[in-house]
Amino acid sequence: MDLTNYPYFQFRGRKSNEFQMRIRNEMEFVIPEASLDFTDVDGRNSEVIFDRGKYKDIEKIFPVRIYRETDKSIATQLRDIAGWLYLAHDYSPLLFSEYDEYYYKALGYSGTSAPDKVREWLDIDFSLKCQPFVYRLDGEDEREIMSGKSIGNPEPISSLPLISFNKMIATEDSHIYINGKQFRIAKEAGTGIITIDSETGIAYKNGGVNVSKYCLMNQSGYNPIVLLPGENEISFNNINQFKIKPRWRNIAV
């Protein structure tokens, strides 16, 4: 059966329709839950809310029908699919063709089952654990930014960019300013190309030397660079070759 014109999901470099899978019309939208703690206090009519500042992962379920391939059993096909979805234990991009401007970061880990009723096809649901955000594909494009210019975040929530630059001077601190907020790159980081990954909280130089404590810390503690919704004016000193991969994101559904 030719399934190339049907909706599909793409994960770890392969598409679901390569495995003779057709997505059934039973997809569900899932909005992530905010991570909140509630405390009951005597004498107060409402609970005290402690916001942990994050969202919980979601379970994205893909209901599919698997058609038996010639000279293969459904069981063999399921083993092939399990090897594709479940053997690697890290988050990887997941793209769904029906809303392909965005991608999820997903992990296949949850088992599943389905009754073997028909020899020619099998209806089964595959569950993937997804981070609570979807990421715009155009947010993966790297841009070179000149000091004093701005970059517009088209999404309603902040992003955690990947930034690289050449630190020119070893005897002075360098600084990055986003809408006037200062981010210090300490002189101890030395000179050369530095990459700051605000999502993982790691900064490193070419060759893999970790300089996170010189780039992501200030007197208040951990201070990652973020891009707020709307325009972000960027300036810097003692730096050139400033490049940014903005990683625009929104709440997953």
Side-chain angles (χ1 to χ4, degrees), residues 1-35 54-141 154-157 159-160 199-200 245-253:
M1 176 177 290
D2 183 6
L3 300 174
T4 54
N5 292 322
Y6 284 85
Y8 63 87
F9 63 93
Q10 184 172 321
F11 187 58
R12 300 192 189 281
R14 301 194 68 178
K15 298 178 180 179
S16 56
N17 53 21
E18 295 179 38
F19 295 88
Q20 290 299 298
M21 281 195 280
R22 178 177 65 80
I23 297 175
R24 307 196 314 269
N25 296 324
E26 300 168 20
M27 289 281 294
E28 294 183 354
F29 293 110
V30 183
I31 297 175
E33 178 186 353
S35 187
K54 65 176 187 176
Y55 292 92
K56 298 179 181 180
D57 282 358
I58 63 172
E59 298 288 329
K60 192 69 176 175
I61 296 175
F62 287 91
V64 303
R65 175 165 291 181
I66 304 172
Y67 295 94
R68 188 176 71 82
E69 297 181 52
T70 304
D71 300 326
K72 272 190 178 182
S73 67
I74 292 289
T76 298
Q77 289 174 241
L78 279 175
R79 281 191 289 270
D80 293 341
I81 294 167
W84 168 49
L85 293 179
Y86 295 119
L87 291 189
H89 296 155
D90 58 346
Y91 287 102
S92 295
L94 168 69
L95 180 73
F96 181 40
S97 61
E98 291 296 276
Y99 30 95
D100 59 1
E101 292 181 6
Y102 298 90
Y103 69 91
Y104 299 87
K105 292 184 179 180
L107 166 69
Y109 81 104
S110 179
T112 187
S113 63
D116 185 10
K117 294 181 178 180
V118 182
R119 298 300 181 188
E120 297 304 312
W121 51 265
L122 174 72
D123 284 347
I124 191 168
D125 296 347
F126 292 115
S127 178
L128 298 175
K129 182 181 180 68
C130 297
Q131 293 182 9
F133 300 102
V134 287
Y135 296 83
R136 288 174 66 112
L137 291 175
D138 60 4
E140 295 300 302
D141 297 335
E155 297 294 342
I157 61 175
S159 73
L160 298 172
E199 189 172 72
T200 61
K245 185 183 290 186
R247 292 171 167 166
W248 310 131
R249 62 182 183 169
N250 206 334
I251 296 295
V253 293

Side chain to side chain, Tyr6 and Ile23, heavy atoms closer than 4.5 Å:
no
Can you tell if the side chain of Leu78 reaches within under 4.5 Å of the side chain of Ile124, non-hydrogen atoms only?
yes
Look at atom OH of Tyr55 and say whether more than 12 heavy atoms of other residues, nucleotides or ligands are closer to it than 6.0 Å.
no
Contact between Asp123 and Pro63 at the side-chain level, heavy atoms closer than 4.5 Å - yes or no?
no
Counting heavy atoms not belonging to Tyr99, are there more than 12 under 6.0 Å from its OH?
yes
Does the ring center of Phe9 lie less than 6.0 Å from the ring center of Phe96?
no
Heavy atoms of Val30 and Glu59 approach each other most closely as CG2-O, 3.7 Å
If I compare all heavy atoms of Asp57 with all of Pro132, which pair ends up nearest, and what's the gap?
OD1-CD, 3.2 Å
Do Leu94 and Cys130 make a side-chain contact, defined as non-hydrogen atoms from C-beta onward lying under 4.5 Å apart?
yes
Check: Glu69 and Gln77 side chains under 4.5 Å, non-hydrogen atoms
yes
State, to 0.1 Å, how close Tyr103 and Pro93 come at their nearest heavy-atom pair, and which atoms those are.
CD1-CB, 3.8 Å
Near Asp90 CG, under 6.0 Å, is it more than 12 heavy atoms from other residues, nucleotides or ligands?
yes
Measure from the side-chain N and O atoms of Tyr109 to the backbone N and O of Ser127, and report whether any donor-acceptor pair falls under 3.5 Å.
no
Can you label the angle between the Tyr86 ring and the Phe126 ring as parallel, tilted or perpendicular, going by 30° and 60°?
tilted
Hey, are the side chains of Gln20 and Leu3 touching, using non-hydrogen atoms and a 4.5 Å cut-off?
yes
Given side chains that start at C-beta, do those of Trp121 and Arg68 come closer than 4.5 Å, heavy atoms only?
no
Can Asp116 and Ile74 be said to form a side chain to side chain contact (heavy atoms under 4.5 Å, CB included), step by step?
CA-CA 9 Å; Asp116 185 10; Ile74 292 289; 5.8 Å; no
Should we count NZ of Lys72 as having more than 12 external heavy atoms under 6.0 Å?
yes
Any chance you could measure Asn25, atom CG, to Arg65, atom CZ, to the nearest 0.5 Å?
10.5 Å
Should we say atom CD of Glu101 is surrounded by more than 12 heavy atoms from elsewhere, each under 6.0 Å from it?
no
Can you confirm whether Arg249 sits close enough to Leu160 that some side-chain heavy atom of one is under 4.5 Å from a side-chain heavy atom of the other?
yes
Taking all atoms of both residues into account, what is the closest heavy-atom pair of Leu107 and Ala88, and its distance?
CD1-O, 3.7 Å
Quick check on Ile251: does its CD1 atom have over 12 non-hydrogen neighbours (other residues, nucleotides or ligands) under 6.0 Å away?
yes
For a quick test of reading the model, state the closest non-hydrogen atom pair linking Lys56 to Ala34 and the distance between them.
CE-O, 4.5 Å
When rounded to the nearest 0.5 Å, the distance separating CZ of Phe133 from CD of Glu155 is 11.5 Å
Output yes when a side-chain donor or acceptor of Ser159 lies under 3.5 Å from a complementary backbone atom of Pro246, and no otherwise.
yes
